[in-house]
Protein chains: 2
Amino acid sequence: MTTSRATADDLLRLDQQICFSLSAASRAFNGLYRVLLKDLGLTYPQYLVMLVLWEHGELPVKKVGEHLRLDSGTLSPLLKRLEAAGLVRRERSARDERSVEVRLTEKGVALRERALQVPRRIAAATGLGLDDILELRTRLDSLTAALDTAALEGAQDPEGLP
Amino acid sequence: MTTSRATADDLLRLDQQICFSLSAASRAFNGLYRVLLKDLGLTYPQYLVMLVLWEHGELPVKKVGEHLRLDSGTLSPLLKRLEAAGLVRRERSARDERSVEVRLTEKGVALRERALQVPRRIAAATGLGLDDILELRTRLDSLTAALDTAALEGAQDPEGLP
DNA sequence: CGTGATTAAGTTGTGTGCAATTAAATTGTG
DNA sequence: CACAATTTAATTGCACACAACTTAATCACG
């Protein structure tokens with residue numbers, strides 16, 4: 001037990017650095033988006049929803065959730081706020097009354113024009129070139145896929161390791 | 001107006017991919033930690049606090065917040081929960097009665113032994129080698145620094161761009 | 001010494017994020 | 001057709017994050 005103590009300690013310290021770095025980066029992004037989106041009256045998750053709607057026009061709540069990996073527990077109140085802000089309308093689908101269609105209002109469509117400047121500012125703030133950004137995105141996506149797989153597998157102890 | 005439309009559209013789509021990738025990765029990590037930490041009875045932010053305390057032993061709330069970039073609005077209730085779980089004690093400093101010292105209990109110290117296995121599982125789940133992990137950490141840290149600087153500068157429109 | 005500025009925690013309010021549950025509609029199957 | 005299983009939103013409850021504010025203690029400076 002004493003023999004592997006030093007290594008385990010190192011891992012614990014390393015882990016602190018890794019998980020901290022990730023959550024710090026995430027919150028730093030969030031903070032910058034908060035500043036940039038303040039004028040638009042949007043939060044960062046609300047902006048993500050609007051991006052999806054700007055691209056697809058009209059979608060059931062379910063599809064919005066699939067695009068963003070968010071469930072109805074998060075989306076329902078968020079969409080209510082967007083509706084209260086006059087940016088979207090929610091209507092029960094006539095074809096399938098379980099489903100609720102989310103549709104942009106004129107005001108919601110119009111907001112897109114003002115949002116067009118956001119990505120440029122974000123890109124500038126990262127201090128990274130387009131290639132670096134794309135590479136980072138690729139890395140993050142494969143990391144996400146790996147983490148999801150591990151979580152689904154119940155996160156058993158990795159086999160074959162001491 | 002029509003001339004730059006396509007480019008701005010592309011940027012908006014690109015932005016969707018980048019910001020989504022980051023928040024998705026962050027939440028995927030969170031989800032895996034949730035699974036791994038369930039046995040320990042800790043949430044991910046609580047685990048971060050415990051890591052800091054395991055390394056430093058005893059710290060005022062202020063210092064914990066500096067290590068993790070969290071303010072008292074987040075830490076006060078979190079520390080109360082850790083105290084209710086019997087993992088830490090909070091005591092007003094005798095030297096400076098504005099300050100509250102957070103100290104591990106015996107139970108809190110003991111929990112460290114069970115936490116030692118977490119980083120190994122996380123590392124295994126990422127599917128990355130130690131070098132890749134360290135490089136990713138470096139990238140994320142510099143990204144965080146850049147984003148913080150931009151946010152502090154009020155996120156003015158980047159100069160010299162159309 | 002006294003008073004205004006500063007600092008440290010805590011509190012309040014808003015907005016996610018997610019698990020668990022509920023309610024309603026649809027689908028599949030005998 | 002009837003009825004169980006599934007699907008879709010919504011709701012509830014808990015735990016962050018963070019802004020804005022409050023309270024209490026300390027500091028700084030005349």
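Just so it is clear: chains get the letters A, B, ... in the order the sequence lines come, proteins before strands, and each one is counted from 1. From a predicted model like this one, the values you see are computed outputs, not experimental measurements.
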Hey, does the side chain of [X] come within less than 4.0 Å of [N]'s phosphate (OP1/OP2), counting only N and O?
{"X": "A:Arg95", "N": "C:dT26", "value": "no"}
{"X": "B:Lys80", "N": "C:dT11", "value": "yes"}
{"X": "B:Gln46", "N": "D:dA15", "value": "no"}
{"X": "B:Arg90", "N": "C:dG10", "value": "yes"}
{"X": "A:Arg34", "N": "D:dA19", "value": "yes"}
{"X": "A:Arg98", "N": "C:dA23", "value": "no"}

What residue among B:Met50, B:Arg90, B:Arg89 forms side chain to side chain contact (heavy atoms under 4.5 Å, CB included) with B:Leu82?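 Per the side chain to side chain contact (heavy atoms under 4.5 Å, CB included) rule, the option paired with B:Leu82 is B:Met50, out of B:Met50, B:Arg90, B:Arg89.
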
Compare the minimum distances between each of [options] and the side chain of [X], then state the nucleotide with the smallest one.
{"X": "A:Asp96", "options": "D:dA25, D:dT11, C:dA25", "answer": "C:dA25"}
{"X": "A:Pro45", "options": "C:dT16, D:dA19, C:dA8", "answer": "C:dT16"}
{"X": "A:Arg81", "options": "D:dA25, D:dT8, C:dG15", "answer": "C:dG15"}
{"X": "B:Leu78", "options": "D:dT11, C:dA25, D:dC16", "answer": "D:dC16"}
{"X": "A:Ser99", "options": "D:dT8, D:dA10, D:dC18", "answer": "D:dT8"}
{"X": "A:Leu70", "options": "D:dC18, C:dC18, D:dA9", "answer": "C:dC18"}
{"X": "A:Val100", "options": "D:dA25, C:dC18, D:dA9", "answer": "D:dA9"}

Presence of donor-acceptor pair under 3.5 Å, side chain of A:Ser72 and base of D:dA10: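 Check passes, donor-acceptor contact within cut-off.
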
Regarding B:Pro77, tell me which of base, sugar-phosphate or nothing describes its non-hydrogen contacts under 4.0 Å with the strands shown.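 Result for B:Pro77 = nothing.
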
What does A:Thr74 touch in the nucleic acid at a heavy-atom separation under 4.0 angstrom: a base, only the sugar-phosphate, or nothing?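 Contact class for A:Thr74: base.
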
Starting at OH of B:Tyr33 and ending at C1' of C:dA19, how long is that distance when rounded to a whole Å?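 Answer to the nearest Å: 21 Å.
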
Could you state the atom-to-atom distance from NZ of A:Lys63 to P of D:dT7 in whole Å?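 Distance check: A:Lys63 NZ to D:dT7 P gives 13 Å.
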
In Å, rounded to the nearest 0.5 Å, how long is the span from CG of A:Leu40 to OH of A:Tyr33?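 The distance works out to 12.0 Å.
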
Measure the CG-CD1 distance between A:Leu128 and A:Ile122 for me, rounded to the nearest 0.5 Å.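 Interatomic distance, A:Leu128 CG to A:Ile122 CD1, rounded to 0.5 Å: 12.0 Å.
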
Give the ring-plane orientation class for B:Trp54 versus B:Tyr47, where under 30° counts as parallel, over 60° as perpendicular and anything between as tilted.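 The arrangement is perpendicular - the two ring planes meet at more than 60°.
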
B:Lys62 or A:Arg69: which one's nearest nucleotide on DNA chain C is closer to the 5' end?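 Result of the comparison: B:Lys62.
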
Between A:Glu83 and A:Lys80, is there a donor-acceptor pair closer than 3.5 Å when you use the side chain of the first and the backbone of the second?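 Not at all, since once roles are kept as given, no pair shorter than 3.5 Å links the two residues.
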
